[in-house]
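Let me begin by presenting the structure, written as structure tokens, before commenting on it.
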Amino acid sequence: MNIYTQCCGLVILFILLVFDIKHKKVGLFSETVYLNTILINALSVIIGLLSVVALNNQDVFNGSAVLLFSKAHMITIVMVGYTNVSYLASSIYSRRRYLDMLVKFLWIPAVEIIAIIFTPIRYKYAFGGFYVAGAGSVISYVTTMGYVALCIWMVSTWRRRLGKRRRDSVIGWMILMTVAATMEQLVGNFYCVDFACALGMMIIYFTLENPESNMDKNYGCFNSHTLSPYMTQMMHSHENFCMIYLSMADAKNNDADEEYINDKIRQIIDYVNDFSFAKVFKLVEQEFICIVPDEGKLQIVVSCLRNRFYYDQFNMFTDTAMVNSESTTPKSLIVMLTDSTVAEEPDDILRVFQTLRETNRDNITSTRIRLCKAHFDELREKEQIIREIREALDKDRVEVFYQPIYSTKEKKFVSAEALARIRREDNSIVPPGKFIPIAEETGLILKLGERVFEKTCRFIQTGMPKQLGIQYIEVNLSVIQCEQLDLASKYIQIMEENQVNPHFINLEITETATIQAKRKLQQNMKTLMDYGVEFSLDDFGNGHSNLDYVIDMPVDIVKLDMSLIQAYENEKKAKAVVQAAVRMILDMELNALTEGVETKEQLDEMERIGVDYIQGFYFSKPIPENEFLDFLRKHQGEAS
């Protein structure tokens, strides 16, 4: 019976070993640890089988051989227990810490092995066969149960890091070990610990370590689940690697057939898989990453791909224009990273890839980009600013600065533009040119814009601006805000809560990207205008269709972009454009406002050509609320 049990365990381990070696593996350290675990378990089964044979054929084997095999089997059981714990530890700790701990605690199995060597054993007969008993057998049992208890403790302590599937698999494995060791100790002549270990290895293989689960069967490459652990292992080992990111996810924007694209991708992957040093991973949709050890090998792969696919319709690896026409060639994005040390974590690389994909989504041609340190610095700066925006919203560190607006007709300051500012914890200010674009990109501009409007309404509600001659305050609306269907209702609610006269509010709009967004904006504008709010068109002269907006949008003020004013003095064409624009605005019975006025000469010239309102550093930069009130107290009399 024992021989059959040992043979069954050996067959299971042999099959697992063949499966493991046969399939392509990515090269994770955990794969090596698992292979070593199978080998140690197989060694234990083999020696256990020899021990059973020797015990039951003592007329053939002399006493020394029987003793040697018996103690060798108990020693290998100790090794199995320690190896099983080591396998679990490899899923918890980094490779370096794992190896350090493996060496650090090696004395534990060493002491146990020495105890087994010098502890006497005896042989007993039961159920038609001999088995090992005595103090040595007890040490082997206690050792096995100790390692089982340690594994259960590790699973309980590191449950989140291990994940549910790994936890369940290890617990099942440990239950098998506990039942087998207990039965073996109680029954005596029933060797089943090795068989339980083999079953445990089978459970781990099919739930966690099956190489097939790491493969994408459609394309014949590794899947995304394997990419992050592989890059983490390389980076934590300080091993540099190079990679190519290929995205065909936006090729559907072309007329290229999807099956044609998939077929070409398979050809490329099959071609790259022929390089023994290259590993291809599929991300999502039609996005792939190829990792190679160094830049030299990266250039070999790229050069071979270029030569192989140069004359193909799928010619994205060429150095020249990579598409012949939008309708015939799939659009692609290729990003090359030649030095992985510029990134701190694997996720940094993937986030940069995704950012570049989003940035290049609207390109009609294929694009090739070589990553450098600046890309990762930009990513880290962007993420830092996102954290600062969120923290400012949570901790009420969003402030409103006001820039005075001068009326050329009334010769005094009659309004101001409310501008968002974010104050850091150290009291410094985040430059608006950095946080505004990121807030718009991430959608945080919705909360930020609403917070600025709330604070502006509270400021108006104090009555101080009106007492000092302010007739209205301009508040910016981002394109994203304008696309929100509930914008009008939210802003009306805020004005009502703060008891603000809507005629004291002027909302600045800018050009929207789509016709649908423009329609939503017009709906919001009508509701707000019916309530009493007025509108301005910002950045006139800085877009390609602002003339349409002047005609279509019911605005009261048109604000000329500061770039026109800065070019006014030095460029004859710019002067003609500004003068013509002002005449057009006035002929339409609208008010003209110029931004960016910085000198007395610019002010005099704008007044001469008929501009109604002036805004710029000549009068004041944007300043906090209290400073703005002090400015008005000081300058209103002087201005008039």
Side-chain angles (χ1 to χ4, degrees), residues 16 20 25-38 40-41 80-106 108-109 144-178 197 199-215 222-239 241 279 281-284 289 291 340 343-351 354 380 383 387:
L16 294 179
D20 190 70
K25 291 183 286 186
V26 68
L28 292 173
F29 181 63
S30 61
E31 294 172 341
T32 303
V33 174
Y34 178 70
L35 178 61
N36 291 338
T37 306
I38 291 180
I40 293 296
N41 276 269
V80 165
Y82 187 70
T83 304
N84 293 347
V85 172
S86 301
Y87 168 77
L88 183 58
S90 69
S91 303
I92 298 173
Y93 305 108
S94 66
R95 179 178 179 178
R96 178 176 295 180
R97 190 177 179 191
Y98 165 79
L99 293 174
D100 290 343
M101 293 181 67
L102 199 65
V103 174
K104 182 179 180 180
F105 293 102
L106 196 59
I108 295 176
T144 300
M145 296 309 299
Y147 285 127
V148 167
L150 181 57
C151 285
I152 293 174
W153 174 82
M154 292 169 68
V155 168
S156 175
T157 304
W158 303 100
R159 55 185 296 107
R160 290 186 179 179
R161 186 174 297 185
L162 289 170
K164 185 178 186 305
R165 188 169 64 169
R166 190 171 294 274
R167 292 199 309 266
D168 293 345
S169 300
V170 172
I171 290 296
W173 181 16
M174 292 304 105
I175 290 174
L176 281 174
M177 291 284 293
T178 302
C197 288
L199 290 178
M201 288 288 96
M202 186 171 66
I203 292 172
I204 297 298
Y205 179 86
F206 285 110
T207 57
L208 302 173
E209 300 294 344
N210 184 359
E212 283 290 316
S213 64
N214 296 329
M215 301 296 295
F222 297 109
N223 57 35
S224 59
H225 303 300
T226 320
L227 176 61
S228 185
Y230 181 71
M231 288 198 299
T232 301
Q233 174 179 301
M234 298 283 283
M235 295 178 77
H236 287 180
S237 302
H238 303 290
E239 297 180 43
F241 57 88
K279 294 179 174 63
F281 301 82
K282 180 181 180 293
L283 299 181
V284 294
I289 283 179
I291 296 182
S340 62
E344 294 179 356
E345 295 293 336
D347 286 346
D348 292 347
I349 299 175
L350 298 179
R351 287 199 299 275
Q354 293 303 314
R380 284 187 280 271
E383 292 178 341
R387 286 193 293 270

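Counting begins at 1 with the first residue of the sequence.
- Looking only at side-chain heavy atoms (C-beta outward), Arg380 and Asp348 come within less than 4.5 Å of each other.
- No side-chain heavy atom of Phe29 sits under 4.5 Å from any side-chain heavy atom of Pro229.
- Side-chain atoms of Arg165 come within 3.5 Å of backbone atoms of Thr207 as a donor-acceptor pair (strictly under, hydrogens ignored).
- The residues Arg97 and Asp100 are annotated as not salt-bridged, no charged nitrogen and carboxylate oxygen being separated by less than 4.0 angstrom.
- Side-chain contact check for Leu35 versus Asp20: some heavy-atom pair is nearer than 4.5 Å.
- Distance check: Tyr93 OH to Met154 CE gives 5.5 Å after rounding to the nearest 0.5 Å.
- Here Ser30 contributes atom OG and Gln233 contributes atom CD; the two are 7.0 Å apart, rounded to the nearest 0.5 Å.
- The closest donor-acceptor contact from the side chain of Tyr82 to the backbone of Leu102 lies under 3.5 Å.
- The two residues Phe281 and Asn223 have their closest heavy-atom pair at CD2-O, 3.9 Å.
- Put simply, the side chain of Gln354 never gets that close to the backbone of Leu350: no donor and acceptor are under 3.5 Å apart.
- Counting only heavy atoms from C-beta outward, the side chains of Met234 and Ser340 never approach each other to under 4.5 Å.
- Note that CE of Met201 and CD1 of Ile203 are 9.5 Å apart. Values are rounded to the nearest 0.5 Å.
- Remark: aromatic rings of Phe222 and Tyr230 are distant, center separation not under 6.0 Å.
- Proximity of Trp173 to Asn84: side-chain heavy atoms (C-beta onward) are separated by under 4.5 Å at one or more points.
- The NZ atom of Lys282 sits 12.5 Å away from atom CE of Met215, with the distance rounded to the nearest 0.5 Å.
- Atom CG of Leu227 is separated from atom CD1 of Ile291 by 5.5 Å, given to the nearest 0.5 angstrom.
- Between the side chain of Ser156 and the backbone N or O of Ile152, no donor-acceptor pair lies under 3.5 Å.
- Remark: the backbone N or O of Tyr34 is not paired with any side-chain donor or acceptor of Glu209 at under 3.5 angstrom.
- Using modelled atom types, one side-chain atom of Arg161 and one backbone atom of Ile92 make a donor-acceptor pair closer than 3.5 Å.
- The nearest pair of heavy atoms linking Leu176 to Gly200 is CD1-N, 4.1 Å.
- Taking both residues in full, the closest heavy atoms of Gly27 and Lys279 are given as N-CE, 4.5 Å, listed atom of the first, atom of the second, then distance.
- Here the side chains of Tyr147 and Pro109 are in contact, with some heavy-atom distance below 4.5 Å.
- Although no hydrogens or angles enter the test, the distance criterion places a donor-acceptor pair under 3.5 Å between the side chain of Ser90 and the main chain of Tyr87.
- Of the possible polar contacts, none joining the Asn214 side chain to the Lys25 backbone as a donor-acceptor pair under 3.5 Å is found.
- Considering all non-hydrogen atoms of both residues, Met174 and Cys151 come closest at SD-CB, 3.5 Å.
- You'll find the side chain of Tyr205 reaches within 4.5 Å of the side chain of Pro211, heavy atoms only.
- When all heavy atoms of Val155 and Leu162 are compared, the closest pair comes out as CA-CD1, 3.7 Å.
- Open room surrounds CZ on Arg96; 12 or fewer heavy atoms of other groups in view lie less than 6.0 Å from it.
- Rounding to the nearest 0.5 Å places OG of Ser86 at 4.5 Å from OH of Tyr98.
- Distance alone, capped at 3.5 Å, is enough to place a donor-acceptor pair between the Asn41 side chain and the Thr37 backbone.
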